[in-house]
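Shown next, in structure tokens, is the structure this report addresses.
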Amino acid sequence: VQLVESGGGLVQPGGSLRLSCVASGFSFRTSAMYWYRQAPGKQREWVALISSGGNTNAADSVKGRFTISRDKAKNTVHLQMNSLKLEATAVYYCLRPTTYWGQGTRVTVSS
């Protein structure tokens with residue numbers, strides 16, 4: 001199993017970023033996928049999930065601003081992040097339940 005995140009970077013408050021996670025080594029089509037994040041000095045927290053059938057859910061802190069989606073043809077899950085706040089600064093990880101994590105991509109929100 002391999003999960004490779006990309007798309008992180010430095011963005012100003014109010015800006016947008018789109019994260020991607022390319023998956024391989026398992027049946028992506030039949031797996032739910034999750035995004036988590038870990039801010040400096042804090043525990044890793046759940047951000048959003050998408051089921052194999054495309055149902056989605058997101059943490060209250062990001063609901064309405066972050067959108068998770070998946071492209072089964074490209075074995076990729078995305079996290080579109082809009083209206084970014086300073087507290088979104090973190091390393092973002094994708095997870096294939098329950099134990100397979102990517103290496104993370106760093107998002108820094110700063111003016």
Min side-chain heavy-atom separation [X]-[Y] under 4.5 Å:
{"X": "Gln38", "Y": "Glu45", "result": "no"}
{"X": "Val62", "Y": "Arg37", "result": "yes"}
{"X": "Leu3", "Y": "Trp101", "result": "no"}
{"X": "Tyr92", "Y": "Leu79", "result": "yes"}
{"X": "Leu19", "Y": "Met81", "result": "yes"}
{"X": "Tyr93", "Y": "Glu5", "result": "yes"}

Is there a path from [X] to [Y] through hydrophobic residues (I, L, V, M, F, W, Y) whose side chains come within less than 4.5 Å of each other?
{"X": "Val11", "Y": "Leu86", "answer": "yes"}
{"X": "Val22", "Y": "Met33", "answer": "no"}
{"X": "Leu95", "Y": "Leu49", "answer": "yes"}
{"X": "Leu10", "Y": "Leu84", "answer": "no"}
{"X": "Val1", "Y": "Trp35", "answer": "yes"}

At their closest point, which heavy atom of [X] faces which heavy atom of [Y], and how far apart are they?
{"X": "Arg29", "Y": "Lys72", "result": "O-NZ, 3.3 Å"}
{"X": "Val77", "Y": "Ser69", "result": "CG2-O, 3.2 Å"}
{"X": "Val47", "Y": "Tyr36", "result": "CG2-C, 3.8 Å"}
{"X": "Gly7", "Y": "Leu17", "result": "O-CD2, 3.8 Å"}
{"X": "Ser16", "Y": "Asn82", "result": "OG-OD1, 2.9 Å"}
{"X": "Ser31", "Y": "Pro97", "result": "OG-CD, 4.1 Å"}

Separation of [Y] [atom2] from [X] [atom1] (nearest 0.5 Å):
{"X": "Thr108", "Y": "Gln12", "atom1": "OG1", "atom2": "CD", "answer": "13.0 Å"}
{"X": "Asn55", "Y": "Ile50", "atom1": "CG", "atom2": "CD1", "answer": "8.0 Å"}
{"X": "Tyr34", "Y": "Asn57", "atom1": "OH", "atom2": "CG", "answer": "9.5 Å"}
{"X": "Cys94", "Y": "Gln103", "atom1": "SG", "atom2": "CD", "answer": "8.0 Å"}

Without swapping roles, check the side chain of [X] against the backbone of [Y] for a donor-acceptor pair under 3.5 Å.
{"X": "Arg70", "Y": "Phe28", "result": "yes"}
{"X": "Thr89", "Y": "Val109", "result": "yes"}
{"X": "Gln80", "Y": "Arg18", "result": "no"}
{"X": "Thr105", "Y": "Gly8", "result": "yes"}
{"X": "Arg65", "Y": "Ser83", "result": "yes"}

Would you indicate whether [X], at its atom [atom1], is surrounded by more than 12 heavy atoms from other residues, nucleotides or ligands within a distance under 6.0 Å?
{"X": "Lys85", "atom1": "NZ", "value": "no"}
{"X": "Lys74", "atom1": "NZ", "value": "no"}
{"X": "Phe66", "atom1": "CZ", "value": "yes"}

Do Thr76 and Asp71 get their side chains close enough for a donor-acceptor pair, meaning under 3.5 Å?
->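 Judged by distance alone, the side chains do not pair up.
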
